[in-house]
2 protein chains.
Amino acid sequence: MKNITIKDIARELNLSTSTVSRALRDSTEIGAETKKRVLELAHRLDYNPNPVALSLLSSQSNDIGVIVPEIANPFFAIVIAGIEDVAFAQGYHVVIYQSHEDYEREVLNVKHIYNRRKDGLLVSVATTTTDYTHFKNIHERGFPIVFFDRICEEIDTHSVSVDDFEGGYKATEHLIQQGCQRIAHVSGPDHLLISRRRFQGYRAALLDYGRPLLDDLVISSPYSPANALETVQLLLTMPNRPDGIFASSDNIAIGCHAAIIAAGLRMPEDIALVGFSDLPIAAMLNPPLSSVAQPAFEMGRSAAELLIKLIRNPGEHGTSINNTLKTKLMVRKSSMRVSESN
Amino acid sequence: MKNITIKDIARELNLSTSTVSRALRDSTEIGAETKKRVLELAHRLDYNPNPVALSLLSSQSNDIGVIVPEIANPFFAIVIAGIEDVAFAQGYHVVIYQSHEDYEREVLNVKHIYNRRKDGLLVSVATTTTDYTHFKNIHERGFPIVFFDRICEEIDTHSVSVDDFEGGYKATEHLIQQGCQRIAHVSGPDHLLISRRRFQGYRAALLDYGRPLLDDLVISSPYSPANALETVQLLLTMPNRPDGIFASSDNIAIGCHAAIIAAGLRMPEDIALVGFSDLPIAAMLNPPLSSVAQPAFEMGRSAAELLIKLIRNPGEHGTSINNTLKTKLMVRKSSMRVSESN
DNA sequence: GTGAAAGCGCTAACAG
DNA sequence: CTGTTAGCGCTTTCAC
């Protein structure tokens with residue numbers, strides 16, 4: 001597995017390695033003739049500079065690390081596509097890491113990214129993370145970090161998120177307008193900022209419309225359909241069951257959806273349902289699921305842009321930018337009780 | 001962003017870098033006292049060896065590269081989880097790449113993996129790939145490769161796949177046993193081995209049961225629900241529409257599912273449907289989708305094990321192992337016309 | 001038991 | 001214009 005090095009070319013052409021190096025980078029101060037010979041041979045030999053050597057030399061890698069909880073979650077997959085879109089165009093390669101919602105794993109990932117001299121980090125934190133020192137450590141050493149979606153407020157750096165409050169508000173308001181009287185909320189893990197903000201939107205909408213906030217209509221579930229299914233069955237067998245549900249994520253909503261069907265209830269007649277994220281699968285369900293759309297691709301793009309800005313202007317510790325993107329309620333059959341005439 | 005190096009430790013302790021290096025690797029021929037002092041200081045300073053330097057020195061990285069078409073596809077996400085499971089345990093880090101079903105992108109990914117001195121490659125090829133020279137090149141140079149799921153027969157190396165023929169056979173046989181008379185097949189991209197094999201299973205089952213193979217009941221679709229939805233609408237509006245569909249993947253089946261619902265047809269009464277892969281979402285659909293389960297996690301584990309074996313025993317060009325895993329038909333409501341009493 | 005020196009592949013002063 | 005030297009961080013002969 002011998003690879004061609006700059007040395008091989010130098011020997012072959014009776015030049016020094018530095019001359020070859022310069023010719024390859026197209027330095028102006030190189031004989032046109034020499035340059036041509038070098039380029040020609042390099043191409044013929046299929047020479048590729050060893051990125052590892054470059055990396056050792058420059059302490060850079062042209063890689064940016066991305067940590068997401070799960071790549072299997074289409075939301076994150078789309079965000080990553082957005083990240084790749086701008087990173088690729090700027091000459092960066094994206095290296096994907098999964099925390100699997102596990103704190104220990106996240107710490108390891110951060111270490112790997114930092115030690116391997118990645119140029120920066122994009123991260124959406126794991127649900128189990130409550131201690132942020134692993135991020136703080138590298139942030140203090142000047143390592144560029146941008147948080148997206150599940151951001152960490154304790155660290156003063158750029159971030160990108162959506163207006164979760166507004167999303168929660170719009171979803172709940174919609175259910176009210178559809179005539180729902182008892183609107184439940186299945187929230188995500190409590191210590192996640194996005195969970196809390198979506199809940200706050202839910203609460204604010206209820207209050208604004210003069211509805212009571214009933215404790216037993218608010219339950220929390222992990223971000224998985226199977227878990228949500230189980231959790232929500234409790235809600236459905238209550239003596240006074242809800243006639244509307246706002247789920248804090250589509251994965252949770254998918255579980256609710258299945259539970260409602262399994263319980264033999266009609267959607268939206270008996271229970272109206274709204275999710276959050278508008279994953280591609282939402283429109284494919286039966287009945288199709290209403291959901292608060294997040295601009296996932298755009299989120300990825302924005303996060304990558306901010307990170308690259310940070311990488312290219314080190315030290316410049318100006319004010320941190322917190323880009324908040326807008327959500328959009330996609331109304332589909334799962335919540336459409338009143339025919340909308342707009 | 002200054003990092004502690006072996007040199008810092010040496011200076012501090014008035015030792016040479018080589019001594020420190022040896023102490024750190026716990027070499028036997030080092031004074032117990034010295035070793036203790038080095039270890040102690042290294043720990044106090046939070047010393048981390050620079051992996052890039054190691055990599056330059058050894059031409060290894062302890063990273064293995066994985067190329068999948070799309071991480072958003074839960075099947076691949078689960079395979080990756082399986083890969084990570086064994087890789088992690090063996091001290092390897094998994095670096096994930098996406099080809100996005102694009103040949104050019106796949107070539108770039110392969111180059112990156114090879115140039116960055118990853119220790120090996122696990123790959124499921126893109127649908128648009130018809131030329132395999134990028135794989136052949138590095139394979140000839142002794143670079144370890146293992147194919148999984150979408151394998152490449154032209155290259156003599158280990159691979160892991162499922163018995164696609166058997167899966168297609170079982171799915172079709174099941175539909176026949178459910179009383180379906182006109183069974184359609186929505187296949188994946190034609191040049192993909194797995195598509196062809198699943199189709200062959202379908203054909204064989206029809207023949208074995210004395211059914212005709214009707215050309216207009218076999219159509220091909222890309223692996224995406226939206227595309228499949230569109231494609232399958234043609235089938236449903238045929239004068240003599242099918243009463244059973246075997247879809248070559250769950251993503252295709254999800255599109256079929258939505259199309260059938262949208263057409264106002266009953267499932268399984270009017271049309272019975274079976275998918276392939278048994279993604280987690282399958283059981284959550286309404287009605288729940290029957291599907292041929294593939295051991296995705298196991299596939300990842302097996303592929304990783306084979307690759308690591310290849311990495312650790314280079315040169316040992318014994319016979320290539322082609323591990324074929326078994327499928328299992330999961331019967332759910334979407335295809336259950338006859339109550340099964342087993 | 002420990003140090004000096006060389007080298008992995010490449011670039012960047014520093015000389016000519 | 002081109003060659004020499006040094007060094008990125010680390011391991012590994014080869015000496016002592």
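Below, chains carry the letters A, B, ... as their sequence lines are ordered, and counting in each starts from 1. FYI, side chains are in, hydrogens and waters are out, and symmetry mates aren't considered; it's all heavy atoms of this structure.
Rounded to a whole Å, the CG atom of B/N50 is 7 Å from the P atom of D/dG9. Between the C1' atom of C/dG9 and the CG atom of B/N115 lies a distance of 13 Å, rounded to the nearest Å. Between the CD atom of A/Q60 and the C1' atom of D/dC8 there is a distance of 13 Å, rounded to whole Å. To the nearest angstrom, P of C/dA13 lies 11 Å from CG of A/L57. As rounded to whole Å, 13 Å separates atom C1' of C/dT2 from atom CZ of B/R37. In this structure, CG of A/L24 is placed 15 Å from P of C/dG9, rounded to the nearest angstrom. Straight-line distance from the NZ atom of A/K35 to the C1' atom of D/dT2: 13 Å, rounded to whole Å. Taking atom CZ on B/R116 and atom C1' on C/dC8, their separation rounds to 17 Å, with Å as the unit.
Each of B/S58 and B/T17 lies near DNA chain C, and the nucleotide nearest B/T17 is the one positioned closer to the 5' end. Between B/L56 and B/T19, the residue whose closest nucleotide on DNA chain C is further toward the 5' end is B/T19.
Applying the 3.5 Å distance criterion, the base of C/dT2 shares no donor-acceptor pair with the side chain of B/T34. A donor-acceptor contact under 3.5 Å is formed by the side chain of B/R22 with the base of C/dG3.
Checked for salt-bridge contact, A/R301 and A/E305 meet the test: a charged N lies under 4.0 Å from a carboxylate O.
Put simply, A/K7 has a side-chain N or O that comes within less than 4.0 Å of OP1 or OP2 on C/dC8. Taking only side-chain nitrogens and oxygens, B/S18 never comes nearer than 4.0 Å to OP1 or OP2 of D/dT11. In this structure, B/R25 reaches the D/dT11 phosphate: one of its side-chain N or O atoms is under 4.0 Å from OP1 or OP2.
Residue contacts for B/D8: at a heavy-atom cut-off of 4.0 Å it reaches no nucleic acid atom on any strand shown. Residue-level contact check: A/L54 touches the backbone only, with heavy atoms under 4.0 Å from sugar-phosphate atoms and none from bases.
For NZ of A/K111, the number of neighbouring non-hydrogen atoms (other residues, nucleotides, ligands) closer than 6.0 Å is 12 at most. Environment of NZ in B/K7: sparse, with no more than 12 heavy atoms of neighbouring residues, nucleotides or ligands closer than 6.0 Å.
Atom NZ in A/K35 sits 11.0 Å away from atom CG in A/L24 (nearest 0.5 Å).
Looking only at atom types and distance, the side chain of A/Y114 has a donor-acceptor partner in the side chain of B/N3 under 3.5 Å away.
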